[in-house]
Amino acid sequence: MKIRSVPLVISLIVGALLIQSLFPLTAAQEIKPTMEGEEITVPDGTEFEVLTTEEISSKTASENDPVNFKVAEDVKINNHVVIAKDTLVKGIVANVEQRGHLGKGGKLGLRVESTTTVDGQKVKLRAAKGKADTGTVGSTIALSVLISPLFLFRRGKHAVIKPGTKIKVYTDEDKKVKVPAK
């Protein structure tokens, strides 16, 4: 068996040398990087929309539960995509209030945390346009006229966020991203 395999090995080596001589690689081809492009800075406060991927309800959600979103459209800076459409966005349930009596509905608070750029870097996100959180969450006061004493026994509805709900988010830091050449 060993005698028969020697001619096969010799013919493979000769074939490889013949191919290399017909299609030689230049030094530039050997060193050429696979990803060329330029570095683009994604500024702090860059606005884009994300979509919820699953239903989130005050009935079943708990504080600190993980929540997944996806990027609604390509995020572009100077005509270069820096965050691709459908990229995973991570978040959590920040607070939950169950429904109550007197028609009081449930409440859900979500916090977006991060996503990934086209070159694989993690970028922090926030839900408010301004950098400083002033704590001025808009509150509403609803006045109701009691028409019937049955109103006192009415239960509110659970807060529900349907899949595909759009939410505006903002980058929470400057990030330099290497984008592929066009």
Side-chain angles (χ1 to χ4, degrees), residues 25 28-100 104-140 142 155-182:
L25 292 177
Q29 288 173 319
E30 293 171 5
I31 300 172
K32 189 174 182 181
T34 57
M35 185 173 164
E36 290 182 5
E38 60 183 288
E39 193 171 79
I40 305 269
T41 299
V42 179
D44 180 9
T46 300
E47 178 183 313
F48 61 100
E49 290 184 330
V50 298
L51 304 170
T52 55
T53 58
E54 66 239 14
E55 183 173 278
I56 308 160
S57 169
S58 62
K59 181 178 182 179
T60 57
S62 299
E63 286 187 21
N64 296 319
D65 279 354
V67 179
N68 291 325
F69 308 90
K70 64 181 181 178
V71 177
E73 297 294 329
D74 286 340
V75 179
K76 295 181 179 182
I77 305 288
N78 299 333
N79 257 355
H80 292 282
V81 176
V82 292
I83 302 172
K85 178 181 178 178
D86 294 330
T87 301
L88 175 70
V89 177
K90 294 180 181 180
I92 63 165
V93 176
N95 64 326
V96 179
E97 282 186 36
Q98 298 295 324
R99 69 181 182 160
K104 179 184 172 233
K107 293 182 182 176
L108 266 174
L110 304 177
R111 183 171 55 227
V112 290
E113 295 191 326
S114 66
T115 192
T116 307
T117 60
V118 293
D119 65 350
Q121 295 183 71
K122 181 178 173 180
V123 62
K124 294 179 195 171
L125 302 175
R126 64 176 183 260
K129 188 168 182 79
K131 185 76 169 172
D133 183 14
T134 59
T136 56
V137 176
S139 60
T140 58
R155 296 229 4 163
K157 294 183 178 182
H158 289 287
V160 176
I161 300 173
K162 300 279 187 199
T165 302
K166 287 186 178 183
I167 300 171
K168 279 189 183 176
V169 298
Y170 305 87
T171 55
D172 197 28
E173 61 184 335
D174 288 337
K175 184 63 78 173
K176 292 183 189 262
V177 178
K178 282 228 183 248
V179 295
K182 288 188 173 185

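No hydrogens, no waters, no symmetry mates; every other heavy atom, side chains included, goes into these values. Computed from a prediction, not measured in an experiment: that's the story for all the values here.
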Thr171 side chain to Thr46 main-chain N or O, any donor-acceptor pair under 3.5 Å?
yes

Between the main-chain N or O of Asp44 and the side-chain N or O of Asp174, is there a donor-acceptor pair closer than 3.5 Å?
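Indeed, once roles are kept as given, a pair shorter than 3.5 Å links the two residues.
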
Does the distance from a Lys or Arg side-chain N to an Asp or Glu carboxylate O, for Lys175 and Asp119, drop under 4.0 Å?
no

Between Glu49 and Lys168, is there a salt bridge with N-O shorter than 4.0 Å?
no

Spatial distance of atom CG (Asn95) from atom CG (Leu108) [nearest 0.5 Å]:
8.0 Å

Hey, what do you get for OG1 (Thr115) to CZ (Phe48), rounding to the nearest 0.5 Å?
6.0 Å

Evaluate the side-chain proximity of [Y] to [X]: yes if any heavy-atom separation is below 4.5 Å, no if none is.
| X | Y | value |
| --- | --- | --- |
| Val67 | Val93 | yes |
| Val82 | Thr117 | no |
| Asp172 | Leu125 | no |
| Arg126 | Lys124 | no |
| Val42 | Val123 | no |
| Lys176 | Thr41 | yes |

After noting the C-alpha distance and the side-chain angles of Val169 and Val89, does the key distance pass the side chain to side chain contact (heavy atoms under 4.5 Å, CB included) rule?
CA-CA 10 Å; Val169 298; Val89 177; 5.9 Å; no

For [X] against [Y], the heavy-atom pair lying closest together:
| X | Y | answer |
| --- | --- | --- |
| Glu55 | Lys162 | OE1-NZ, 3.4 Å |
| Ile56 | Ala61 | CG2-CB, 4.3 Å |
| Ser58 | Val96 | O-CG1, 3.7 Å |
| Gln121 | Val177 | NE2-CA, 4.0 Å |
| Pro180 | His80 | O-ND1, 4.4 Å |
| Phe69 | Thr53 | C-CG2, 3.8 Å |

How far apart are the C-alpha atoms of Tyr170 and Val112, what are their side-chain angles, what is the distance that settles it, and do they pass the side chain to side chain contact (heavy atoms under 4.5 Å, CB included) test?
CA-CA 9 Å; Tyr170 305 87; Val112 290; over 6 Å; no

Identify, with sequence neighbours excluded, every residue that meets side chain to side chain donor-acceptor pair (under 3.5 Å) alongside Thr52.
none

Counterpart residues, side chain to side chain donor-acceptor pair (under 3.5 Å), relative to Glu73 (two or more places apart)
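Testing Glu73 for side chain to side chain donor-acceptor pair (under 3.5 Å), a comparison that skips the adjacent residues, returns none.
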
Report the C-alpha distance between Lys166 and Leu51 in whole Å, list the side-chain angles of each, state the deciding distance to 0.1 Å, and finish with yes or no for side chain to side chain contact (heavy atoms under 4.5 Å, CB included).
CA-CA 5 Å; Lys166 287 186 178 183; Leu51 304 170; 3.2 Å; yes

Working note: Leu88 + Asn68, criterion side chain to side chain contact (heavy atoms under 4.5 Å, CB included); need CA distance, chi angles, decisive distance, verdict.
CA-CA 7 Å; Leu88 175 70; Asn68 291 325; 3.6 Å; yes

